[in-house]
Amino acid sequence: MLFYNKENTDYFKQKHQLVSDLLALNDALQNTEHAYLAFVKANHDRRDGLSFYLKDLAQKKKVLDVFTDENEGLKSDVLAIKNSLDNEERFYTFQLSAFSKLGTSFSETETAIGNEIGATQPLLTQLIKLERDELKSRILSNEDFYERLGYLVVCVGGLVFVMIVVLYRRSIKNLERQALHDKEVYNAKLNAQSANNAKTEYLGMISHEIRTPMNGVLGMANLLMQGSLNIDQREYVKTIHDSAESLLRIVNDILDFSKIEVGKVNLEKTSLNIRDLIADTFTHLPISTENLSIRFSVDKNVPNTIYGDPKRLKQVLLNFLSNAVKFTERGSIELECSVIDKAENEDLRIGFVIKDTGIGIAEDRVKSLFKPFVQMDHSTMRKYGGTGLGLNIAYNLITMMGGKVKVKSEVGNGSVFTFFIVTKEALNEQSHKITKDAAKTLFLDKELSVNYPFKILVVDDNEINLMLITKTLSKLGYNCKKASNGQIAVDMIKKEHFDLVFMDMQMPIMDGTNATTEIRKHYRIYEFPVVVALTANTLGDGKDKCLEAGMQDFIAKPFKPAEIEEVIRKWAPKIISYKSKHQSNFLS
């Protein structure tokens, strides 16, 4: 279209110019004829005018050369015009020459009116008419073309408009379908979140209901083991205790899996001594024998203190090592710890390799090994037991620590589990103290109350738990007071002061968080008395809620007697400091 328009424009410019030049030639010819006629009538003074017009005519007639060079159709007509014009021009020139020779003797009678005069005019007029007709025809043709083009543009525009309308309606329908789909996805997400929340609440309730009686079983078993029992009785109590511990581990695995699934697990970032942590982990494993060697090694390049979550890292190591012990009867189990590399931003990749000479894992089972509720096969599950959650939990915790896990195994020749975590070296910081497992500490310090003569209040709505903690405290030499709900505890604290309060979280009338809030309102000193939360609900953000309410510490049920002793020792210096600073307030 652009090419046609340009070509058309060039044509009209050229044609208009040709017609203009032909009209100028025609005017020059007429002027020459008029000058000659004036000259013929003895008006010899017009000789100079005739000479001028002859020169102009000679200049203007060059336009005819264009026709002879380019237009073959008009070539013969143009040649006839040129010949006629040349004859007429020669005639006028001859007459001027004769006048120059004769001078004043040149008279009107001697001046000829030849046939050449006016002979070119009709031919030139005809050529101009032909050119104008051709230009007019082209203009009409061009107008017709643009008219058809206009119709075409209108038609195309109409089609485009129809297409736009169709596409618009289709896009509206697509948007409506997309909006409906988004709404369905949003509703599905809300339903999934509601289902997750309901599951979390349900698991929290189940956790509380299971842990409450478990607290009684484990607690009483611990108290019995501290009494004077004969060999058979001690063995029976130990069996009860170990069975309860196994059941508790299963419950903990299920709860950990649920917390990971709903994103409720938050890793701590404290400084820890990696060597002490590994050594403490191995205290939970059987002692090496002639048939089975269990050992660990830590490379000298591994820093003593790193940042991490000691509880979760220990859980990961214990899951891998316990599996190795479970499936290895003879040979060796070995843990190796080393530094893989150190990045420019001081990030350390610390690697762990757990090797065993156990039964091994079939190649087709390795890929699904870290999926939840997966056992190597049904016969293995019947022989060795387990929920199949341990490795899945370990895998997710390692991922949260920025690491990855690899497995290499051969049936009958053992397995090698390799993983790493991303951390930083903890410089000039005191490492997290690795405490002994409470199960290893069987006997309580009966003189604790002599060293720390505190007034203690125990708040719990469950009679068994209330009896268990008071019996545990009595073993430590304390004669504590009891309250069955938070309201009673608040009323008691308003009448007399207590140094330490063990507060259950879920109670009727007033729960532990509200009771703690009321206690803080009553006392002028915010951190006194020390309130320690006792809860069987370890799912979700229960610990954070306890601390937000003003509690200073947290013990999960089922607790061990040694945990009660440990928390008293932990807070004793601060309680003594509070009492010494504010003795006058307490006396008043």
Side-chain angles (χ1 to χ4, degrees), residues 242 245-246 249 271-306 308-341 348-361 366 369-370 376 380 383-386 390-391 393-395 397-398 401 403-423 425-426 431-442:
D242 291 347
E245 286 279 4
S246 297
R249 279 194 293 271
S271 57
L272 60 94
N273 188 305
I274 188 67
R275 289 173 172 80
D276 288 349
L277 186 140
I278 293 173
D280 182 64
T281 303
F282 270 75
T283 62
H284 296 267
L285 304 178
I287 301 173
S288 294
T289 62
E290 292 182 0
N291 293 329
L292 182 61
S293 171
I294 303 175
R295 61 185 182 274
F296 70 89
S297 63
V298 181
D299 191 86
K300 63 181 181 179
N301 292 326
V302 177
N304 283 331
T305 54
I306 61 171
D309 188 326
K311 179 183 174 183
R312 292 302 184 181
L313 182 55
K314 181 178 177 181
Q315 182 180 0
V316 169
L317 293 173
L318 201 54
N319 275 342
F320 284 119
L321 291 167
S322 297
N323 264 8
V325 170
K326 184 191 296 186
F327 297 114
T328 307
E329 295 180 357
R330 303 178 65 84
S332 65
I333 298 170
E334 185 175 359
L335 167 65
E336 297 175 358
C337 177
S338 61
V339 175
I340 299 175
D341 56 34
L348 279 175
R349 289 203 303 168
I350 297 183
F352 299 86
V353 180
I354 296 95
K355 302 176 183 177
D356 68 64
T357 58
I359 61 175
I361 307 166
V366 170
L369 191 61
F370 295 103
M376 287 189 292
T380 301
K383 181 177 179 180
Y384 297 100
L391 291 181
I393 293 169
Y395 178 86
L397 290 176
I398 290 168
M401 295 176 190
K404 292 183 179 180
V405 189
K406 291 183 180 180
V407 184
K408 185 178 181 181
S409 185
E410 185 179 347
V411 176
N413 290 324
S415 305
V416 178
F417 287 82
T418 305
F419 73 92
F420 69 86
I421 62 171
V422 178
T423 182
E425 184 177 358
S431 64
H432 177 84
K433 186 178 179 182
I434 307 296
T435 58
K436 289 186 176 181
D437 192 301
K440 302 295 181 180
T441 308
L442 298 179

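The basis for the numbers below is simple: all heavy atoms, side chains too, and nothing from hydrogens, waters or symmetry mates. Since we're looking at a predicted model, the values are computed, not measured.
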| query | In chain order, what residues pass the ring-ring contact (aromatic ring centres under 6.0 Å, His included) check against Phe352, with sequence neighbours excluded? | reply | Phe419
Checking [X] now: which residues fulfil side-chain hydrogen bond (donor to acceptor under 3.5 Å, both in side chains) with it, not counting sequence neighbours?
{"X": "Thr423", "value": "none"}
{"X": "Ser409", "value": "Ser415"}
{"X": "Ser322", "value": "none"}
{"X": "Glu425", "value": "none"}

| remark: Sorted by chain and number, sequence neighbours left out, salt bridge (Lys or Arg N to Asp or Glu O under 4.0 Å) with Glu336 holds for Lys355
| remark: salt bridge (Lys or Arg N to Asp or Glu O under 4.0 Å) filter on Arg275, not counting sequence neighbours, yields none
| message | For Thr305, is there any backbone N or O sitting under 3.5 Å from a side-chain donor or acceptor partner on Ser271? | response | no
| request: Enter the distance from Asp276:CG to Asn304:CG here, rounded to the nearest 0.5 Å. | output: 8.0 Å
Can you name the residues that form a side chain to side chain contact (heavy atoms under 4.5 Å, CB included) with [X], not counting sequence neighbours?
{"X": "Val422", "value": "Asp347, Arg349, Phe420"}
{"X": "Asn291", "value": "Thr289, Arg330"}
{"X": "Asn323", "value": "Lys326, Phe327, Leu391"}
{"X": "Asn413", "value": "Glu410"}

| query | Any side-chain heavy-atom pair from Asp299 and Val339 closer than 4.5 angstrom? | reply | no
